[in-house]
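Contents: one structure, followed by commentary.
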Amino acid sequence: MESVFRNEVRLLLRRPGLYGAALLFFALCAHAGHTGSQRIETARKIQAEDQARLMETFRARRERAGEVARGERTIENMRQATDAGRVNGVEVPMALPLQSAAGLALGHSLILPNVTKASLMSSSADLFQRQQIDDPEGLLLGHLDLATIVVVILPLLVLFLFYDLLSYERDRRMLPTLVTQAGSLAHLLSTKLLVRSITVVTLVVTGVLLAGFFFPLAEASVALPFLLCLAGVLAYTAFWVAAAVLVASYPLRRETAAPALLLLWLVLIVLIPGTSDLFARWTTDSGALLREVATRRMLTSEAERAASKTLEDYLYDHPELASTEAQDRFGSAFLKESFAVRKSVDAALMESVAARSAELAAREEVLGKLAFLSPPALLHRHFLTMGGTDHSRYHAYQSAARTYLTDFHQTLAPFLWAGVLLKPEDFDRIQPFTLPERNSFDLIVRSLPAILTQLLFASLLLFLARRRLSSYLIA
Amino acid sequence: MNPPRPLRVAVQKELRLIVRDGRFRIALVAFFALFAGSLLIGLHDASEYAESKRVSEEIDEHLWMTQGDKDPHSASHYGQYVFRPRSGLQWMDRGVHDFVGVALFLESHEQGLPRHRQAESASLIPAIADLSPSRIILVFVPLLVIVLGFGSVSLERERGTLALLLGNGGSFKTLIAGKALALAMVTMAILAVPFLLGLAGVLFSDADKIDSVLRLVLLFLAFALHTLFYVCLSLAASRFFRHSSTALIALLIYWIGATLVVPRVVNDWVTEDIPLMTNVAYDTTLANARRDGIDGNDPRSARQARLREEVLSQYGKSDISELPINYSGVSLQAGEDYDNLIFDRLYSEIYGSLELRSQARLNASFLGPQMAAAALSMSLSGSDLAHDLLFLNEAESHRRAYVKALNDDLIHGEVNEGESRVAGAELWQKTRAPEYASAPLSQTSAHRLLPWVLLCAWFLASMGLLALSTRPIDLK
C-alpha cells in the first residue's frame, strides 16, 4: 500500500506539464487578485468623488442657507436662491456601496450606474438613466476575475491531473500488478485519489489565497465572503474530481477519457450557461427600452402642454398644498409646474417600469433555478452574491433608491408649495441614503445552496462511479 | 483541372473517414442546433428592435412637428430623440450594442451620450455565456476542427496505420495535403450553411441588400480564414506531437487561451494602462471651461462683453436695443459655438481613449488570430465601436445644425414690438431629425485594414507550419 502511495507521488511529480500548469494557474490567480482589487479601488474612488461632489454642494448650500437665515446674505435672483436653500437646489447622492470583495467577481454593480441623486426634479422612472462614460468594448470582453478563473480554468487543472486516473496503467497493462500490490482496486483507487486530491486542493487553495493576498482579508466584510468563496471553490473542485472518477470508472483509453471530460467541461461551462443566456434573450423584449423612452417623451409632452392643468390636478389630489400657494416667495410657477409634470409622468410610467423590473426579477429567478443544472453557473452566481455584485442586490438598491426618493419628495414638497427657503435645520432633517446590507448570517444562508448542491452532485457522481467500479475489468 | 490521383484518393479517404466518424455527426448536429437557435433569437431580437425603433422615431417626429408655436430656444430644449440604428447584419454579432445606450437626446447646450442600455436587462456576464451566431462560428467551429484534426497523424502513428498508408505508394506530403484538403472542405461546407441562411435572411429583409450581401461575403471570408488557420494548426500539432492525447491537450489549451483567457487578460491590461475620463472629471472640466474659458483665462463675463462690443461695432450701434437683430439669439449661438469648442476637446479625449484601447486590444492579435477575427466580425456586422462613434458624430452634427437653425431664426425672425419671437411648423419641418441608418461598409473600411492584415498573416503563418509538417516523419 505504501509503495503504491510512493509510486503515485513519484509519477505525479514527474508528470510533464504539472509545474507549468501550476505556475500558469498561480499567475492567473495573482493577476485576477491584483486587477480585481485595483478595479474595485478605482471604482470606489470614482464613486466617492461623485458622492463627495454632491455632498460638498449640499453642505455649501446649507451654509449659505444659514447666512440667509441670519440675514448675512441677500438673495437677488433665482440662481442665488437655488444656491442658498431653494428647494430645487437640494441634491443627495444615492450610492450602491461597492464592497471590497466585489473584486472577486465583477458583475452588475460595476457595469450599471451605481450612483444617482435624489432631488426635487429627479424622476423615479428615470433614476438610473444617467449619462455614463464607459468603454463598451471593454465591458463586452469582460475581465479575468477570480470567479472566471475558478469557474473556467480550475476544472481544466483537475482534468489534467485526473484524466488518466486508471487509464494510464490500463493502457500499459500494469493494472493487474498494481491491484495485487495495493490489495484491491478500491485501495488502489483511493490511494491514487488521495494523492491527486491533496495535490489539486493544495494548488487550488494556494491559487485562491494568492488572489486573496491582494484583498484586505483582515476586514470582516471581506474575510467572510472570501472564506465562503473558498468553501464554494472546494466544493466545486470536489464535483470535478468526482466527475473524473466517474469517467475513470469506465474502461476507457486515455485519448477517449480526456475528450469525454472536456466534453463535460464544454457542456457545463459553455453550453448550459450559453443556452440559459439564449433563453434570457428570447424572453427579453429588446424594443422595450425604446418604447419606454418614446412613451416617457409622449407623456412628458402631453403633461407639459397642459402644465397648468397638470398642476391643478396635482393640487386637486393634494388639497393641503393649495392653500399655501399664496405664501410663494421664492418658488416659481415654472418649478411647481415642472414638479407636477414629473410626478404625473412618473405616476403614469412607473407601472410599466415596475412591470419590466418585475419581469426581469422573475426571469432572474428562473435563470437562478436553471443554474442548478450546471455547477459552474452555480459557482459563478455564488461568487457574485459573495462579492455583492449580483443582480438581486442591484435590484434591491434600485428599490431602496426609489423608496428614498419618494420620502425625499414628501419631505421637500411642502417647501416648494410654501415657496420658502430651507433653513440649515431643514437640511439636517434630510437623512442620507443607506442600503440595508446583508449580514453574516444572511451571507452564510445564501451561500449554502451553491455549496451543498456542488457536494450533492459530487456525492452522486462518486456513488455512480462506485457502482461501476464493482464490475470494472482490470485486465 | 482535377487534382493528381494520389491526392484525390487521399482526400476521398479522409472525407469518408470524417463523415463516418460518430464524433463528427454528434458535433455537427449540436453545432447546427445551437446555430439555428441563436440565429432565430438574433433575428427575432433584430426585428423587435427595428419595429420599436420605427415606432419610437415616428412618435418623436410627430411630437416635434406638433409641438405648437413657441420660442425657438424653448424648442431647442424640447429637444429631439434619435435612436441607435442597427445594421442589417447585427443579428450575426451584437458586438457593443448591449453596452451603449439606445436613445440619444439632442438639445441645446449639451452634447451627450446615449442612455438606456440593453445591458440593464442582461442576466449573465455575456463574455462567458454569449452565444451569438458569430461567436458560435468563431468559438465552436475551431473546436470541431481540433476534435477532427488532433489525431490525423498522431493516431495513425499510434495505431501503426501510418506506415501502411505510406507503404501503399503515397508520399507523406500527399497524405498531409489530402488530410488538410479534406478537413478544409468539410469545415467550409459547414460554414456554407450559415452563410446561405444569412444570405436568405438578407435577401428577405428590408436592409440595403448590396451592402449587406457584401458584408456577409467578407464576414464569411474572415470566418473561413480563421477556421483554416485552425485546420493547419491542428494538423501541424498532430504531426509534431508524438501522442494524440498530447496534441489534443496542447490544441485545447491554445483554444481556451485564445478564446477565453487572452482577450480578458489583454482587456485588463488595456483598461489599466489607458485611462478613460470619469463622469466627475467630465462635469468639472465642462463647468470650469464654461466659467473660466478653455484656457482658464477667458471668463464668461469677458467673453460676453467682447461679443457685445463686436456686434455693436458690426452694426455701428451703441446700444443693444438699437440693433436690427435679436441680440439674445446672437448670444445664445455664441454660447453654443463656445460650448462646441469645449465639447470637441472633451469628446476627442474620450473617443481618443476608446480608440486607443480598441487599437491596443487589436495589437494583442500577435498572440493569435482570435482578436482580429472577432474585431472583423463586429465591424462587418456593424456593431463595433467605429460604427457607434459614426452614429454619435452624425447625431452631434445634426444637433449643432438644428440648434443653430433655431438660433438663427431667433436672431433674424420677425417679432412684433414688445413680444418674443415665436416660430412654428415651418421651422420644425426644416429642423426635424433625420432617420439614422447604420454606416455603409465603405465608411468604416479603414478600421478593418489592420485586422485583415493580421488575420491573413496568421493564416499564412499556419500554412507555413503545415508546409513544415510535410517533412519526413519517424514512423515509430
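Per chain, numbering begins at 1; letters A, B, ... match sequence-line order.
With a 4.5 Å cut-off on side-chain heavy atoms, A:Asp126 and B:His116 count as touching. No side-chain heavy atom of A:Leu140 sits under 4.5 Å from any side-chain heavy atom of B:Asp98. Using a 4.5 Å heavy-atom threshold, the side chains of A:Leu266 and B:Phe140 count as touching. Side-chain contact between B:Val55 and A:Arg291 is absent, with no heavy-atom pair separated by less than 4.5 Å. By the 4.5 Å heavy-atom criterion applied to side chains, A:Lys45 and B:Thr278 are not counted as neighbours. Counting only heavy atoms from C-beta outward, the side chains of B:Asn279 and A:Gln132 approach each other to under 4.5 Å. Side-chain contact check for A:Pro113 versus B:Arg115: every heavy-atom pair is 4.5 Å or farther apart. Using a 4.5 Å heavy-atom threshold, the side chains of A:Arg39 and B:Asp268 count as touching.
Contact count against chain B (heavy-atom pairs under 4.5 Å) is highest for A:His31 among A:His31, A:Gln38, A:Glu49. Across A:Asp134, A:Ile46, A:Asp50, the residue that shares the most heavy-atom pairs under 4.5 angstrom with chain B is A:Asp134. Contacts with chain A were tallied for B:Thr66, B:Val147, B:Asp384, B:Asn267; B:Asn267 has the most, counting heavy-atom pairs under 4.5 Å. Of all the listed residues (A:Gly287, A:Ala21, A:Ala288), the one sharing the greatest number of non-hydrogen pairs under 4.5 Å with chain B is A:Gly287. If you tally non-hydrogen atom pairs under 4.5 Å between each of B:Val139, B:Asp283, B:Ile136 and chain A, the highest count goes to B:Asp283. If you tally non-hydrogen atom pairs under 4.5 Å between each of B:Gly79, B:Ala30, B:Gly37, B:Gly68 and chain A, the highest count goes to B:Gly79.
Contact annotation for B:Leu276: only side-chain heavy atoms (C-beta onward) come within less than 4.5 Å of a heavy atom of chain A. The contact between B:Glu48 and chain A is made by backbone and side chain atoms together, counting heavy-atom distances below 4.5 Å. For A:His395, no part lies under 4.5 angstrom from a heavy atom of chain B. Interface residue B:Arg361: only side-chain heavy atoms are found under 4.5 Å from chain A. With a threshold of 4.5 angstrom between heavy atoms, A:Leu28 approaches chain B through side-chain atoms but not through N, CA, C or O. For B:Tyr347, the part lying under 4.5 angstrom from a heavy atom of chain A is the side chain only. The contact between B:Leu354 and chain A is made entirely by side chain atoms (from C-beta outward), counting heavy-atom distances below 4.5 Å. With a threshold of 4.5 angstrom between heavy atoms, B:Ser358 approaches chain A through its backbone and through its side chain. In this structure, the portions of B:Leu385 lying under 4.5 Å from any heavy atom of chain A include both its backbone and its side chain.
For B:Glu272, the CD atom sits in a packed shell: over 12 heavy atoms of surrounding residues, nucleotides or ligands are nearer than 6.0 Å. The number of heavy atoms from other shown groups lying within 6.0 Å of NZ (A:Lys117) does not exceed 12. Heavy-atom neighbours of B:His77 NE2 from other residues, nucleotides or ligands within 6.0 Å: above the threshold of 12.
B:Leu131 and A:Leu271 get closest at one heavy-atom pair: CD1-O, 4.5 Å.
We find the CD1-CG distance between B:Ile253 and A:Leu24 to be 8.0 Å, quoted to the nearest 0.5 Å. Remark: B:Met371 CE to A:Leu141 CG distance equals 5.5 Å, nearest 0.5 Å. B:Ile256 contributes atom CD1, which lies 6.5 Å from atom CD1 of A:Ile153 (distance to the nearest 0.5 angstrom). Going from atom CG of A:Leu262 over to atom CH2 of B:Trp255 covers 9.0 Å, rounded to the nearest 0.5 Å. Summarising the geometry, atom CG belonging to A:Leu159 is positioned 10.5 Å from atom CG belonging to B:Leu252; distances are rounded to the nearest 0.5 Å.
A salt bridge does not link A:Glu137 with B:Arg357: every distance from a Lys NZ or Arg NE/NH1/NH2 to an Asp or Glu carboxylate oxygen is 4.0 Å or more.
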- With side chain to side chain contact (heavy atoms under 4.5 Å, CB included) as the test, would you mind laying out the steps for A:Leu290 and B:Tyr81 before giving the verdict? CA-CA 10 Å; A:Leu290 287 172; B:Tyr81 265 106; over 6 Å; no

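Figure legend: A:Arg297 and B:Tyr78 shown as a cation-pi pair, the cationic atom lying under 6.0 angstrom from the six-membered ring centre and within 45 degrees of its axis.
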